[in-house]
Amino acid sequence: MISHKKTSRNPAHAFHLTIKPIGARCNLDCAYCYYLHNDTGNDKAAPQMSEQTLTELIRQHSESQDADQIVFTWQGGEPTLLGLDFFRKVVALQQKLIGPSKRFANDLQTNGVLLDDEWCAFLKQHEFLVGLSIDGPEKLHNACRVTKDNQPTFDKVVNAAALLRKHKVPFNTLTVVHRLNAGHPAEIYRFLTHELGAAFIQLIPCVEPKTFQAMAPQHWNPAILPEAGSSAARPGTGDSFVTDWSVDPDEWGEFLCRLFDEWYKDGVGRVIVDWFESLVGQWMGLPGQMCRLDKYCGRCLTIEHDGSMYSCDHYVYPEYRLGTIHQQSMAEMASSPRQAHFARAKMDNLPNSCKNCEYLFACRGGCPKDRFLTTNGEAGLNYLCSGLKRFFAYVDPYMKQIIRDLKLKPEQFVRR
């Protein structure tokens with residue numbers, strides 16, 4: 001979605017910060033949740049950001065950035081469990097602590113289950129951008145996104161979308177593409193755009209090693225990593241390295257190809273799909289708009305409910321804890337040698353098969369958390385590589401045509 005310590009003398013430039021004010025606590029029990037290893041929602045002392053930590057977070061995030069607009073992205077878990085009063089406090093503190101020379105904005109990533117008219121009126125009043133998690137039509141959505149007592153959530157999420165439209169709250173959709181819905185790209189695209197009214201679609205491929213709850217990314221035992229193309233490198237096999245709900249690499253490529261077909265027919269300039277938007281720029285030689293497709297990592301950090309800061313949203317493990325805002329400045333942690341090493345490792349650790357690939361400019365090896373395949377005796381190949389190559393080869397002529405059209409008729413690409 002979208003993006004403040006005491007370091008105006010040493011700003012960390014602009015970086016994206018995902019804030020988890022309630023930790024992993026959630027009112028749903030999605031089968032594929034990568035954050036389950038941190039779930040303390042049933043503890044007597046359920047995680048919740050204190051006012052002291054919230055105040056320090058807002059002050060530091062503002063002072064650590066050299067951007068004109070400071071963006072706060074609230075995520076979880078499910079942040080709406082904190083209630084409206086918490087977010088009223090957020091806005092009041094932002095208004096108090098952020099100086100007049102800077103603007104601020106808020107994003108809220110939510111499953112939508114708790115949204116009602118009061119929530120939506122507040123979100124509209126304070127110009128929140130909402131990310132609404134939904135995995136497609138009813139059957140596909142309910143396959144994984146259920147409550148703690150295994151009840152479906154589709155109707156509540158669709159109702160949330162209707163309320164957001166009613167109150168004219170801008171929202172994006174966030175769809176996790178997993179093994180159970182990957183075979184329905186056209187159905188998902190048509191539902192999101194024609195029925196739900198989404199004009200901005202985000203897609204996340206579900207890739208989870210079976211060890212994800214106990215083992216941090218890139219701390220895998222090299223001896224157990226699967227070879228590209230083997231049965232262990234696919235979901236649903238007896239020796240699979242990934243969870244049964246992970247998307248198959250080739251199905252991910254096919255999903256992107258077919259969803260691209262739908263988008264190219266009537267969505268260009270009208271609907272933004274994050275993958276396609278980024279790739280148009282990359283085919284023009286520009287940096288990737290999505291961190292997973294950019295050359296380096298390290299500019300999308302995460303802060304937990306207790307003020308602990310981590311290298312990335314998908315790296316909330318002790319091995320990637322940078323420190324706490326109660327002991328170090330946010331800017332110092334964001335620009336630390338440790339975080340710089342994390343950022344550079346994305347390109348430094350590429351296997352030769354990636355370095356020699358004609359589509360390296362497009363994927364940059366993909367998200368490092370997914371780089372657990374071996375090939376030609378080298379580790380570090382992205383699990384999704386075969387599907388991504390198929391997709392890049394398919395869209396190449398279309399991307400070139402879009403770029404030609406963009407130069408001739410740029411008005412076609414302005415969202416209407």
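Everything numeric here is computed off the predicted structure, so don't read it as measured data.
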Any donor-acceptor N/O pair, [X] side chain to [Y] backbone, under 3.5 Å:
{"X": "Gln94", "Y": "Phe104", "answer": "no"}
{"X": "Gln339", "Y": "Ser311", "answer": "yes"}
{"X": "Thr324", "Y": "Gln327", "answer": "no"}
{"X": "Gln109", "Y": "Gly131", "answer": "yes"}
{"X": "Lys148", "Y": "Asp29", "answer": "no"}
{"X": "Thr55", "Y": "Glu51", "answer": "yes"}
{"X": "Arg338", "Y": "Arg321", "answer": "yes"}
{"X": "Lys295", "Y": "Lys346", "answer": "no"}
{"X": "Ser230", "Y": "Pro226", "answer": "no"}
{"X": "Ser336", "Y": "Met333", "answer": "yes"}

Open item on the list: side chain to side chain donor-acceptor pair (under 3.5 Å), that's the test. Do Gln52 and Ser50 meet it? Break it down for me.
Closed with: CA-CA 5 Å; Gln52 177 190 6; Ser50 67; 4.8 Å; no
Open item on the list: Could you go through Asp266 and Arg270, starting from their C-alpha distance and side-chain angles, then the distance that decides it, and tell me whether this counts as salt bridge (charged side-chain N to carboxylate O under 4.0 Å, His left out)?
Closed with: CA-CA 8 Å; Asp266 68 357; Arg270 184 179 65 84; 3.5 Å; yes
If we ignore angles and hydrogens, is there a donor and acceptor under 3.5 Å between the side chains of [X] and [Y]?
{"X": "Asp261", "Y": "Tyr189", "answer": "no"}
{"X": "Asn111", "Y": "Glu78", "answer": "yes"}
{"X": "Thr374", "Y": "Glu227", "answer": "yes"}
{"X": "Thr53", "Y": "His326", "answer": "yes"}

Minimum heavy-atom distance [X]-[Y], with the two atoms named:
{"X": "Tyr296", "Y": "Ala343", "answer": "CD2-O, 3.6 Å"}
{"X": "Leu225", "Y": "Ala379", "answer": "CD1-CB, 4.1 Å"}
{"X": "Val176", "Y": "Asn181", "answer": "O-ND2, 3.0 Å"}
{"X": "Glu319", "Y": "Ala216", "answer": "OE1-CB, 3.5 Å"}
{"X": "Phe191", "Y": "Phe154", "answer": "CZ-CE1, 3.6 Å"}
{"X": "Trp275", "Y": "Pro205", "answer": "CZ2-CD, 4.3 Å"}

In Å, rounded to the nearest 0.5 Å, how long is the span from [atom1] of [X] to [atom2] of [Y]?
{"X": "Leu97", "Y": "Lys102", "atom1": "CG", "atom2": "NZ", "value": "12.5 Å"}
{"X": "Leu259", "Y": "His184", "atom1": "CG", "atom2": "NE2", "value": "13.5 Å"}
{"X": "Ser329", "Y": "Glu56", "atom1": "OG", "atom2": "CD", "value": "10.0 Å"}
{"X": "Thr110", "Y": "Phe128", "atom1": "OG1", "atom2": "CZ", "value": "11.5 Å"}
{"X": "Leu180", "Y": "Asp244", "atom1": "CG", "atom2": "CG", "value": "9.5 Å"}
{"X": "Cys206", "Y": "Arg179", "atom1": "SG", "atom2": "CZ", "value": "11.5 Å"}

State, yes or no, whether a side-chain contact exists between [X] and [Y] at a heavy-atom distance under 4.5 Å.
{"X": "Phe372", "Y": "Val242", "answer": "yes"}
{"X": "Asn106", "Y": "Trp74", "answer": "yes"}
{"X": "Ile201", "Y": "Asp274", "answer": "no"}
{"X": "Leu256", "Y": "Leu203", "answer": "yes"}
{"X": "His141", "Y": "Val157", "answer": "yes"}
{"X": "Gln48", "Y": "Leu82", "answer": "yes"}
{"X": "Leu196", "Y": "Arg190", "answer": "no"}
{"X": "Val268", "Y": "Trp263", "answer": "yes"}

- [ ] Start with the C-alpha distance between Asp239 and Ser231, add both sets of side-chain angles, then the distance that settles side chain to side chain donor-acceptor pair (under 3.5 Å), and finish with yes or no.
- [x] CA-CA 7 Å; Asp239 59 346; Ser231 61; 2.9 Å; yes
Open item on the list: I'd like to know whether Phe200 forms a side-chain contact (heavy atoms from CB on, under 4.5 Å) with Thr173, so could you lay out the CA-CA distance, the side-chain angles of the two residues, the decisive distance to 0.1 Å, and finally the verdict.
Closed with: CA-CA 7 Å; Phe200 195 122; Thr173 57; over 6 Å; no
- [ ] Start with the C-alpha gap between Cys300 and Cys291, add the side-chain angles, then the distance that decides, and say whether side-chain contact (heavy atoms from CB on, under 4.5 Å) holds.
- [x] CA-CA 8 Å; Cys300 301; Cys291 62; 4.0 Å; yes
Centres of the [X] and [Y] rings: under 6.0 Å?
{"X": "Phe391", "Y": "Trp252", "value": "no"}
{"X": "Phe241", "Y": "Tyr383", "value": "no"}
{"X": "Phe276", "Y": "Phe260", "value": "yes"}

Task: Of all pairs that satisfy salt bridge (charged side-chain N to carboxylate O under 4.0 Å, His left out), the ones with a partner from residues 375-401, not counting sequence neighbours - done: Glu254-Arg390, Asp396-Lys400
Open item on the list: Test side-chain contact (heavy atoms from CB on, under 4.5 Å) on Leu293 and Leu279; report intermediate values, then the result.
Closed with: CA-CA 8 Å; Leu293 298 180; Leu279 289 180; 4.1 Å; yes
Open item on the list: By the side chain to side chain donor-acceptor pair (under 3.5 Å) test, which pairs, at least two apart or in different chains, include something from residues 361-370?
Closed with: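 As it turns out, there is no side chain to side chain donor-acceptor pair (under 3.5 Å) pair with a partner in residues 361-370 once direct neighbours are skipped.
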- [ ] May I ask you to say whether Asp294 pairs ionically with Arg299, meaning some side-chain N is under 4.0 Å from a carboxylate O?
- [x]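 Looking at Asp294 and Arg299, the cut-off is not met.
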Open item on the list: Pair Thr175, Gln202 - check side chain to side chain donor-acceptor pair (under 3.5 Å), show working.
Closed with: CA-CA 6 Å; Thr175 298; Gln202 296 169 287; over 6 Å; no
- [ ] Could you check whether the rings of Tyr359 and Phe392 sit parallel, tilted or perpendicular, using 30° and 60° as the cut-offs?
- [x]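 Rings of Tyr359 and Phe392: tilted, as their planes differ by 30° to 60°.
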TODO: Please lay out, stage by stage, how Asp135 and Tyr32 fare under the test side chain to side chain donor-acceptor pair (under 3.5 Å).
DONE: CA-CA 12 Å; Asp135 286 355; Tyr32 50 62; 2.6 Å; yes
Task: ring-ring contact (aromatic ring centres under 6.0 Å, His included), paired with His219, selected from Tyr320, Tyr317, Phe212, Tyr315 - done: Tyr320
Open item on the list: I'd like to check the side-chain hydrogen bond (donor to acceptor under 3.5 Å, both in side chains) partners of Gln282; sequence neighbours left out, ordered by chain and number.
Closed with: Ser278
Task: Test salt bridge (charged side-chain N to carboxylate O under 4.0 Å, His left out) applied to Lys20 and Asp313, step by step - done: CA-CA 9 Å; Lys20 296 179 176 288; Asp313 177 28; 3.0 Å; yes
